[in-house]
Amino acid sequence: MAAVAAATVVGVCLTVGSASAGTLSGSLYRDPSSAVVRWVAANPGDSRTAVIRDKIASQPQARWFANFNPSTVQSEVSGHIGAANAAQQIPVLAVYEITNRDCGGASAGGAPDLNQYQTWVSNFARGLGNQTVIIILETDSLALLTCLSSGEISARNEAISTATRTIKSANPNAKVYLDGGHSTWNSAGETANRLRAAGVQYADGFFTNVSNYNSTSGEANFGRNVISALTGMGISGKRQVIDTSRNGGASGDWCGDDNTDRRIGQYPTTSTGDSNIDAYLWVKPPGEADGCRYTAGSFQPDLAFSLANGAPNPPTTAPPTTTPPTTTPPTTTPPTTTPPTATPPNSSPPTGDGCYADVAVNQWAEGFTATVTVTAGKSDINGWRVTVELPAGAAVTGTWNAQASGTSGTVQFTNVSYNGRVLGRQSTTFGFQGTGTGPGRIAVCVG
């Protein structure tokens, strides 16, 4: 199972419908504050340091977000995303916060309930910016269901589907992957059924092998079968990412704390050479324990050394030997007209109690998506209603994190069960998709 200790983990406008699963390209982000990087810096004289530094700490790995911290998660995410954007690299964020995660096993925890889970996800999503980011959404959440009743499974599926759409509403460039387990767990057909039930049609695909050490070739074959099964269900264009952080040696028992025959696998890359696979990733950081011998998620240098010792060195990329051609910029003078500026529509902030709302619109030729942030005034609110005036010819075709009354003209949006309570000066978000031109203003927010 996915094992992450809370002490060591920290860590996008939506088009509702099938998400594009285009090929990822670009370099992945290496977090300079990861546990392994910190250990290497603190232990320069350790005999294991050089191997761990060169083969593990040098590599991009996922940043896990597994603490239930709704008040601070947005700032933690935005700080990490900002650093990755500044480096012009793609960050990988592993979200591990679903209620009753790991069925109470070594990595038990998560949000106290699914209402609070959605609040946490909304705050998480607000920190994601608007550039490419990879989201590994809830390891084991679909492959491991043995502790849940049928009603609880349905509620979890809805929560994951909503989380996917919330993330997509905050950053259209987010690539979201749902839990596909691994090739020696559930069958490809069963995995596809579970993915469909959890809303994979809104995601970019699925991830496998975070909770095991199966070979990359075996996982790729499994992934092709899952994709084929999804296509047979009418869900096309989905792709796979594979965790290769610990699958370079023998496979078998899921827990690696006591195994010395594991090795790091293929180094992380978005250049997979496989049209079905978006990336090989190191989701589970090599050297972090599974919870059998050591505390789940704790960094253990002996585990890291065992994984890295004897493994191949990372690939090196030589700079191009050809000189790029030089071109003379055109001599045309840019136009002197000033482009129009647009201020996002908003209602006036309340002087005391109540709420106000800001909207951000992503417009394209045939339609738009709108993300609305509802902020409470001085005091907490228990329920809110936002009225939106749509231009002539515009119509709402989909809504998330709210209920809509009407589809054109004056449309009212009200909270759903999990986001009606907003603390003073705090915010929650909802969104909607439509045809035509996006809303010109927010008429009123009532809390």
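Everything numeric here is computed off the predicted structure, so don't read it as measured data.
A 4.5 Å side-chain heavy-atom check between Asp243 and Asn212 finds every atom pair outside the cut-off. Residues Glu219 and Ile242 are in side-chain contact: their nearest non-hydrogen atoms beyond the backbone lie under 4.5 Å apart. Side-chain contact between Leu423 and Arg421 is present, with heavy atoms from C-beta onward closer than 4.5 Å. Counting heavy atoms from C-beta on, the side chains of Val386 and Val374 come closer than 4.5 Å. Residues Ile81 and Pro91 have side chains in contact (heavy-atom distance under 4.5 Å, counting atoms from C-beta outward). Two residues are said to be in side-chain contact when any heavy atoms from C-beta on lie closer than 4.5 Å; Leu28 and Thr269 fail this criterion. In this structure the side chain of Arg156 never reaches within 4.5 angstrom of the side chain of Thr99, judged on heavy atoms. The side-chain heavy atoms of Ser141 and Ile160, taken from C-beta on, include a pair separated by under 4.5 Å.
Considering OG1 of Thr132 and CG of Asn173, their distance stands at 5.0 Å, rounded to 0.5 Å. Tyr294 contributes atom OH, which lies 11.5 Å from atom CZ of Phe299 (distance to the nearest 0.5 angstrom). Expressed to the nearest 0.5 Å, how far OG1 of Thr119 lies from CZ of Phe68 amounts to 7.0 Å. For the atom pair OG1 (Thr375) and CG (Asp358), the distance works out to 6.5 Å, reported to the nearest 0.5 Å. Here the CG atom belonging to Leu178 is positioned 12.0 Å from the OG1 atom belonging to Thr191, to the nearest 0.5 angstrom. Separating the OG atom in Ser25 from the CD1 atom in Ile90 is a distance of 6.5 Å, to the nearest 0.5 Å.
Side-chain atoms of Asp102 and Tyr96 include no donor-acceptor pair closer than 3.5 Å. At a cut-off of 3.5 Å, with distance as the only test, a side-chain donor of Ser161 or Arg165 sits close to an acceptor on the other residue. For the residue pair Asn214 and Thr184, a side-chain donor N or O sits within less than 3.5 Å of a side-chain acceptor on the partner. Under 3.5 Å, the side chains of Tyr280 and Asn209 contain no donor-acceptor pair of N or O atoms. Counted by atom type alone, Gln412 and Thr414 present zero donor-acceptor pairs between their side chains at under 3.5 Å. With 3.5 Å as the limit, one finds a donor-acceptor pair spanning the side chains of Asn69 and Trp120. Side-chain contact, Glu158 with Thr162: a donor N or O sits under 3.5 Å from an acceptor N or O.
Two rings, from His80 and Tyr29, have their centers less than 6.0 Å apart. If you look at Phe413 and Trp384, their ring centroids are not closer than 6.0 Å.
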Problem - Steps toward side-chain contact (heavy atoms from CB on, under 4.5 Å) verdict (Ile277, Arg239) - result: CA-CA 6 Å; Ile277 302 172; Arg239 298 165 66 86; 5.8 Å; no
Handout entry: side-chain hydrogen bond (donor to acceptor under 3.5 Å, both in side chains) assessment of Ser298 paired with Gln300
Key = CA-CA 6 Å; Ser298 62; Gln300 300 294 333; 2.9 Å; yes
Exercise for the section: Would you check, one step at a time, whether the test side-chain hydrogen bond (donor to acceptor under 3.5 Å, both in side chains) holds for Ser211 with Asp140? Expected result: CA-CA 8 Å; Ser211 295; Asp140 293 345; 2.7 Å; yes
Exercise for the section: Report the C-alpha distance between Gln240 and Thr208 in whole Å, list the side-chain angles of each, state the deciding distance to 0.1 Å, and finish with yes or no for side-chain hydrogen bond (donor to acceptor under 3.5 Å, both in side chains). Expected result: CA-CA 8 Å; Gln240 179 185 20; Thr208 70; 3.1 Å; yes
Practice task
Kindly indicate, with the supporting measurements, whether the criterion side-chain contact (heavy atoms from CB on, under 4.5 Å) is fulfilled by Ile136 and Val95.
Solution key: CA-CA 6 Å; Ile136 304 299; Val95 173; over 6 Å; no
Handout entry: Full working for salt bridge (Lys or Arg N to Asp or Glu O under 4.0 Å) between Lys284 and Glu288
Key = CA-CA 8 Å; Lys284 175 69 177 179; Glu288 293 193 6; 5.0 Å; no
Practice task
Step by step, work out the side-chain hydrogen bond (donor to acceptor under 3.5 Å, both in side chains) result for Asn247 and Thr216.
Solution key: CA-CA 7 Å; Asn247 71 341; Thr216 301; 3.0 Å; yes
Practice task
Before giving the answer on salt bridge (Lys or Arg N to Asp or Glu O under 4.0 Å), spell out for Asp204 and Lys168 the whole-Å C-alpha distance, their side-chain angles and the decisive distance to 0.1 Å.
Solution key: CA-CA 10 Å; Asp204 295 272; Lys168 287 283 191 177; 2.6 Å; yes
Practice task
Take Leu137 and Tyr177 through the side-chain contact (heavy atoms from CB on, under 4.5 Å) test and state the conclusion after the steps.
Solution key: CA-CA 6 Å; Leu137 189 61; Tyr177 301 88; over 6 Å; no
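Listed for the Thr49 side chain is no donor-acceptor partner under 3.5 Å among the backbone atoms of Val40. A side-chain donor-acceptor contact under 3.5 Å links Arg38 to the backbone of Ser33. Put simply, the side chain of Ser306 never gets that close to the backbone of Asp302: no donor and acceptor are under 3.5 Å apart. A donor-acceptor contact shorter than 3.5 Å links the side chain of Gln118 to the backbone of Ala159. Judged by distance alone, the side chain of Thr244 and the main-chain N or O of Gln266 form a donor-acceptor pair under 3.5 Å. Under a 3.5 Å cut-off, the side chain of Gln116 and the backbone N or O of Ala111 do not form any donor-acceptor pair. Counting only distance, with no hydrogens or angles, the side chain of Lys175 and the backbone of Leu24 share no donor-acceptor pair below 3.5 Å. Asn123 places a side-chain N or O within 3.5 Å of a backbone atom of Pro70 that can act as its donor or acceptor partner. Judged purely by atom type and a 3.5 angstrom limit, Arg246 has no side-chain atom pairing as donor or acceptor with the backbone of Leu307. Looking at Asn309, its side chain never comes within 3.5 Å of a backbone N or O of Phe305 through a donor-acceptor pair.
By the salt bridge (Lys or Arg N to Asp or Glu O under 4.0 Å) test, Asp113 is found to be paired with no residue, residues two or more places apart in sequence or in another chain being considered.
Among residues at least two apart or in separate chains, there is no side chain to side chain donor-acceptor pair (under 3.5 Å) pair with a member in residues 84-95.
For the side chain to side chain contact (heavy atoms under 4.5 Å, CB included) with Val200, the qualifying choice from Leu142, Val226, Leu195 is Leu195, the only one to do so. Checking each of Val241, Thr139, Asp179 against Val210 for a side chain to side chain contact (heavy atoms under 4.5 Å, CB included) leaves exactly one that passes, namely Thr139.
Shortest non-hydrogen contact noted between Gln59 and Arg30 is O-CG, 3.9 Å. Shortest non-hydrogen contact noted between Cys103 and Thr146 is SG-OG1, 4.2 Å. Heavy atoms only, all atoms of each residue included: Pro439 and Val359 are closest at CG-CG2, 4.4 Å. Scanning both residues, Pro285 and Gln61, for their nearest heavy atoms gives CB-OE1, 3.3 Å. The nearest pair of heavy atoms linking Trp282 to Pro60 is CB-O, 3.9 Å. Contact detail for Ala311 and Ile264: the closest heavy-atom pair is CB-CG1, 3.6 Å.
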